[in-house]
Amino acid sequence: MNQRPIGVFDSGLGGLTAVRQLRRLMPSENIIYFGDTARVPYGNRGRETLLKYARQDLAFLRSFDLKAVVVACGTVSTNCIDALQAESDVPITGVVEPAVQRAAELSRARRVGLVATRASVGSGAYERAFRRIDPSLEVYSLACPLFVPLVEEGRCRPGDVVIETVAEEYLAPLRERGIDTLVLGCTHYPLLADVIRNIMGPGVTLVDAGAESARACQELLTQRGALANRPEGAASYYTSDRAENFQRLAALFLGGDDVGQVQQIDIAGYGP
Ligand code: DGL
């Protein structure tokens, strides 16, 4: 048993899709969440910048006495996870391996799609993980750089003509590929699940990378005998920009749960 909290971070609100899963799977755990809303989106940035931001995000989270960290950001997971893991004495899980594992299990057609940020697709990390896990899979990757800013604006529901137009334009070529499984490789994208499902059709199963990372964290803590034991855990939320903005949209990402108080911090004061 281990009562210490789990730390979770993302560039913004997207990682809350992983928090939602963590809370569902492990309701006894305490969670500390940091969303770097002052610097979102990460998805078009270079590796050096991403590593600098990720180290600061992690340094802030490590100001708490954590037992594990979930990098609930596809872009950081694809570009920096090895460096972060090498530098950390607490276990760190990302989104890539768990999502790829799940997609490989689900695909009958052996043709899978991946949608993620430009930096994630450009890193090739998802493709490498697919090759490692099952080299026979055909993988079609697609960067969707406008998705994150639209989701952060709350433009994510079916019927919203802006997101529907953008999504149709991005996804139409992927629909022609005969895939039966699509990895939502950015933690913001599960908010677009209905829009994406309407475009891809019922024959395509969506894999939520954030949710899979939560499952991987649960497995890790179970193996280590490090699950918490209390009637109900709590979550605390921190952001690098205005708390009101975070609060306004967070319930959407958490499936209706109110986040309560959100604290703004100065992220520039953390890290090497
Ligand atoms: N939600 C993050 C990801 O999974 C970051 C997206 C962004 O900031 O561009 O990639």
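Whatever order the structure lists them in is the order used to number ligands and atoms, beginning at 1.
In terms of protein heavy-atom proximity, atom 5 (C) of ligand 1 is closest to Ser11 OG, 3.2 Å. The protein heavy-atom contact nearest to atom 1 (N) of ligand 1 is His188 ND1, 2.7 Å. With hydrogens left out, the protein atom closest to atom 6 (C) of ligand 1 is Val148 CG2, 3.6 Å, a heavy atom. For atom 9 (O) of ligand 1, the closest heavy atom belonging to the protein is Gly43 N, 2.7 Å. Atom 10 (O) of ligand 1 has as its closest protein heavy atom Thr75 OG1, 2.6 Å.
Between Gly12 and ligand 1 there is no heavy-atom distance shorter than 4.0 Å.
Applying the 6.0 Å contact sphere to CD of Glu87 captures more than 12 heavy atoms from other residues, nucleotides or ligands. Within a 6.0 Å radius of CD in Glu176, more than 12 heavy atoms belonging to other residues, nucleotides or ligands are found. Applying the 6.0 Å contact sphere to CZ of Arg157 captures no more than 12 heavy atoms from other residues, nucleotides or ligands.
Heavy-atom contacts of Val40 reach the following atoms of ligand 1: 8 (O) (cutoff under 4.0 Å). Residue Asp10 approaches ligand 1 through these ligand atoms, each under 4.0 Å from one of its heavy atoms: 1 (N), 2 (C), 5 (C). Within ligand 1, counting atoms from 1 as listed, the ones closer than 4.0 Å to a heavy atom of Thr117 are 6 (C), 9 (O), 10 (O).
Ionic pairing of Glu127 and Arg132 is not present here: no N-O contact between side-chain nitrogen and carboxylate oxygen is shorter than 4.0 angstrom. Salt bridge annotation for Asp134-Arg110: present, with a cationic side-chain nitrogen under 4.0 angstrom from a carboxylate oxygen. A salt bridge does not link Arg108 to Asp180: none of the charged side-chain nitrogens sits closer than 4.0 Å to a carboxylate oxygen.
In this structure, Arg45 forms no cation-pi arrangement with Tyr53, as its terminal cationic atom is not both closer than 6.0 Å to the ring centre and no more than 45° off the ring axis.
For the residues Gly94, Ala116, Ser213, Gly74, the heavy atom positioned nearest atom 3 (C) of ligand 1 is part of Gly74.
Note: Tyr238 and Phe64 meet the aromatic proximity criterion, with ring centroids under 6.0 Å apart. Taking the six-membered ring where the residue is Trp, the centroids of Phe60 and Phe34 are separated by under 6.0 Å.
Checking only distances, Tyr42 does come within under 3.5 Å of ligand 1, N or O to N or O. Between Asn44 and ligand 1, no pair of N/O atoms sits closer than 3.5 Å.
Both the backbone and the side chain of Pro41 come within 4.0 Å of ligand 1, counting heavy atoms alone.
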